[in-house]
Chemist: 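Got a structure for you, written out below as structure tokens; questions coming shortly.
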Amino acid sequence: MSPDQRGFSTLLKKEIMRFWAVLAQTVTAPVITALLYLLVFAQALQGRSVNGYDGLSYTEFLVPGLVMMTVIQNAFANTSSSLIQSKVMGNIVFTLMAPLGPLDWFGAYVIAALVRSVLVALAMLAVTWFFVPLPVREPGALLAVFTLSAATLAALGLIAGILAQKFDHIAAFTNFFITPLSFLSGVFYSVHSLPPFWFTASHFNPFFYMIDGFRYGFFGQADVPIFQSLLWIAGAFVAVSAVALWMLVTGYKMRR
Amino acid sequence: MNTPSPDALVIDEVRKSYGSLQALKGVSFSIRRGEFFGLLGPNGAGKSTLISIIAGLTRASSGRVAVLGHDTVADFRTARRQLGVVPQELVFDPFFNVVDMLRIQAGYYGCGEEVWPWIDEMLERLDLKAKRGASMRALSGGMKRRVLIAQALVHKPPVVILDEPTAGVDVELRRTLWSFMRDLHSQGTTVVLTTHYLEEAQEMCSRIAILDKGEVKALEPTAQLLARHPFRFLRLKLANGGLLPESLRGLVASEAEGVVELKLDVKANPIGGVFDALRNAGLAIEDVHTREPDLEDIFIELTRGDASLEPTR
Ligand SMILES: Nc1ncnc2c1ncn2[C@@H]1O[C@H](COP(=O)(O)OP(=O)(O)O)[C@@H](O)[C@H]1O
Ligand SMILES: [Mg+2]
């Protein structure tokens, strides 16, 4: 391993160790929350069919959306909370002084968030399996949607972590932006059942495509064609990553 | 860079503004390889800002810095590998224990298991052996300071900058740090020390820069800086509460509890003349003490702005 590679892999390892040390908080808690949603909604809406999804029970429809919603929230939380913690504690200087480049930062933070996302998704699918076993009709699409979505939110978390000056800023961004948007993205319903205005509005929300595309991976059917979802998600990833990388290259707000 | 022996640090016209505040107003100087260099100045002079720019923690508004010939922006990886910086703030990562923290820090610099013996050696030298597996969170301030120093040195950098390492530490740790810094220096490391303790700088540093309000006020070998001050101090206690004769009143630098300190120009007020004046006035001396000027005296003169920057002839 070259010294540069070792620098990168050390930062990645440190980022993974950080959430690994508090797995109960970073993986178990979101799994339990999602299970509660599943129990409550599946109970309340038992026996309903979903508009436009032939032969799919509501619980089957619900699980992929819940998993993707949780992945969205956790990928964002991993990078943003790690950065703001280091900034508030001041130990960010250890990595800022080290011979690590913008791509090392971006890669290590995003990959660590991906690892956490995979853990969260697998844990949720394993636990819900007992209630609702799901098919995987389009594994390629499933993997592409999952990776691009989690990476997009991880990069967005980097941006939030760079901009924020204290924990409150991250909490506000999470509570007023990430949580509502991920919630209102067709996790609990098909957008076909929405009034026309909200139906149209949904199509401008990238989170909607993440959830819809993820669902396609399991069932081979969704509200919009998979290529459209992939295009939206890839576009979001490129745009958000470009901003994050620009911030890292210029030292925006970090090397002031 | 094929220059045979570039300077350890070259600081070239570095400016830094925070809004309307000019923290550094065009600072230029070089530090040679193997020097033990002192960077002094009052609070807010810009010392930490300059160190942050050297370390890459802060971008300069303009100007350049090179570490052993490597530009800290264009060639930041090589520059940073040559540099170890102990920050002024007592920062730490509460997630890790001491030895893991040091190994992680080494990893950032591309160092693996080959530096583990060196890490153990530092733990030993800095009296951290018993805290090897302790969580960073559980360490006292002094212990955290020691870890910060070890952290700056994990990759065995040839240039080391310590930003007020002895501020607020107890006497024992200060001694440990002094001997540790001396050893580093004797093994060829270039050491740059920032300190508030002028005796410390006087004792350790062979050359000194004095920074004040973002400007270099003096830059010369310590001995030369000391020689610049053409004064001696004479502390007197007169017997029976005697009063100084009028002719000596103008020389009083300070006076407390019957002890007066006279500031004597080496040429204009020879000590013999003072004794003659006292004898002529019929005064007896109970106690007498002379003092050479130290850096503090020079520092006060320079940063007051009323001292000549020309060396004395
Ligand atoms: N991040 C910052 N934002 C605004 N002003 C700053 C910042 N960092 C330092 N300063 C100001 O720059 C000046 C120099 O500070 P500093 O380099 O810490 O001085 P020193 O280390 O010599 O005590 C001070 O007036 C300080 O208030
Ligand atoms: Mg300072």
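Lettering of chains follows the sequences in order, A, B, ..., and the numbering in each one begins at 1.
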Chemist: For the residue pair B:Arg80 and A:Leu96, what are the closest heavy atoms and their distance?
Modeler: NH1-O, 3.2 Å

Chemist: Where is the tightest heavy-atom contact between B:Tyr108 and A:Ala98, given as atom of each residue plus distance?
Modeler: CB-CB, 3.7 Å

Chemist: If you round to the nearest 0.5 Å, how far is CG of A:Asn91 from CZ of B:Phe95?
Modeler: 9.5 Å

Chemist: Check this for me, if you would: do B:Arg77 and A:Asp104 make a salt bridge, where the nitrogen-to-carboxylate-oxygen distance has to be below 4.0 angstrom?
Modeler: yes

Chemist: Counting C-beta onward and ignoring hydrogens, is there a side-chain heavy-atom pair between A:Pro3 and B:Tyr109 closer than 4.5 Å?
Modeler: no

Chemist: Closer than 4.0 angstrom, basic N to acidic O: yes or no for A:Asp4 and B:Arg81?
Modeler: yes

Chemist: Could you tell me which non-hydrogen atom of B:Pro87 sits nearest to which non-hydrogen atom of A:Val93, and how far apart they are?
Modeler: CG-CG2, 4.5 Å

Chemist: Step through the shown structure and confirm whether more than 12 heavy atoms of other residues, nucleotides or ligands are within 6.0 Å of NZ on B:Lys47.
Modeler: yes

Chemist: Check B:Asp93 against A:Phe94 and note the closest heavy-atom contact, atom names and distance.
Modeler: N-CE1, 4.3 Å

Chemist: Taking side chain as everything from C-beta outward and backbone as N, CA, C, O, which of these in A:Arg256 sits under 4.5 Å from a heavy atom of chain B? Side chain, backbone, both or neither.
Modeler: backbone

Chemist: For chain A, which of B:Asp100, B:Thr58, B:Thr78 has the most heavy-atom pairs under 4.5 Å?
Modeler: B:Thr58

Chemist: Do other residues, nucleotides or ligands put more than 12 heavy atoms under 6.0 Å from A:Trp20 CH2?
Modeler: no

Chemist: Is the count of non-hydrogen atoms from other residues, nucleotides or ligands lying under 6.0 Å from B:Arg15 atom CZ greater than 12?
Modeler: yes

Chemist: With rounding to the nearest 0.5 angstrom, report the NZ to CE distance, A:Lys14 to B:Met101.
Modeler: 7.5 Å

Chemist: Closest approach of B:Arg59 and A:Gly251, non-hydrogen atoms and distance?
Modeler: NH1-N, 3.9 Å

Chemist: Specify the closest pair of heavy atoms between B:Gly56 and A:Arg255, including all atoms of both residues, with the distance to one decimal.
Modeler: O-NH1, 2.8 Å

Chemist: Only pairs of heavy atoms separated by less than 4.5 Å count here; which of A:Gln5, A:Met17, A:Lys13, A:Met1 has the most with chain B?
Modeler: A:Met17

Chemist: What parts of residues 29-39 of chain A touch chain B if we use heavy atoms and a cut-off under 4.5 Å?
Modeler: none

Chemist: Heavy-atom pairs under 4.5 Å with chain A - which of B:Ile53, B:Leu148, B:Leu90, B:Ile104 has more of them than the others?
Modeler: B:Ile104

Chemist: State whether the number of non-hydrogen atoms from other residues, nucleotides or ligands found under 6.0 Å of B:Lys213 atom NZ is greater than 12.
Modeler: no

Chemist: Checking B:Leu83 against chain A: side chain, backbone, both or neither under 4.5 Å from a heavy atom?
Modeler: neither

Chemist: Select one option (side chain, backbone, both, neither) describing which atoms of B:Glu89 are under 4.5 Å from chain A's heavy atoms.
Modeler: neither

Chemist: Identify which part of B:Phe92 has an atom lying under 4.5 Å from any heavy atom of chain A, answering side chain, backbone, both or neither.
Modeler: both

Chemist: Relative to chain B, which of A:Gly90, A:Ala21, A:Ser2 shows the most heavy atom pairs under 4.5 Å?
Modeler: A:Gly90

Chemist: Hey, could you give me the CD1/CE distance between B:Ile161 and A:Met97, rounded to the nearest 0.5 Å?
Modeler: 10.0 Å

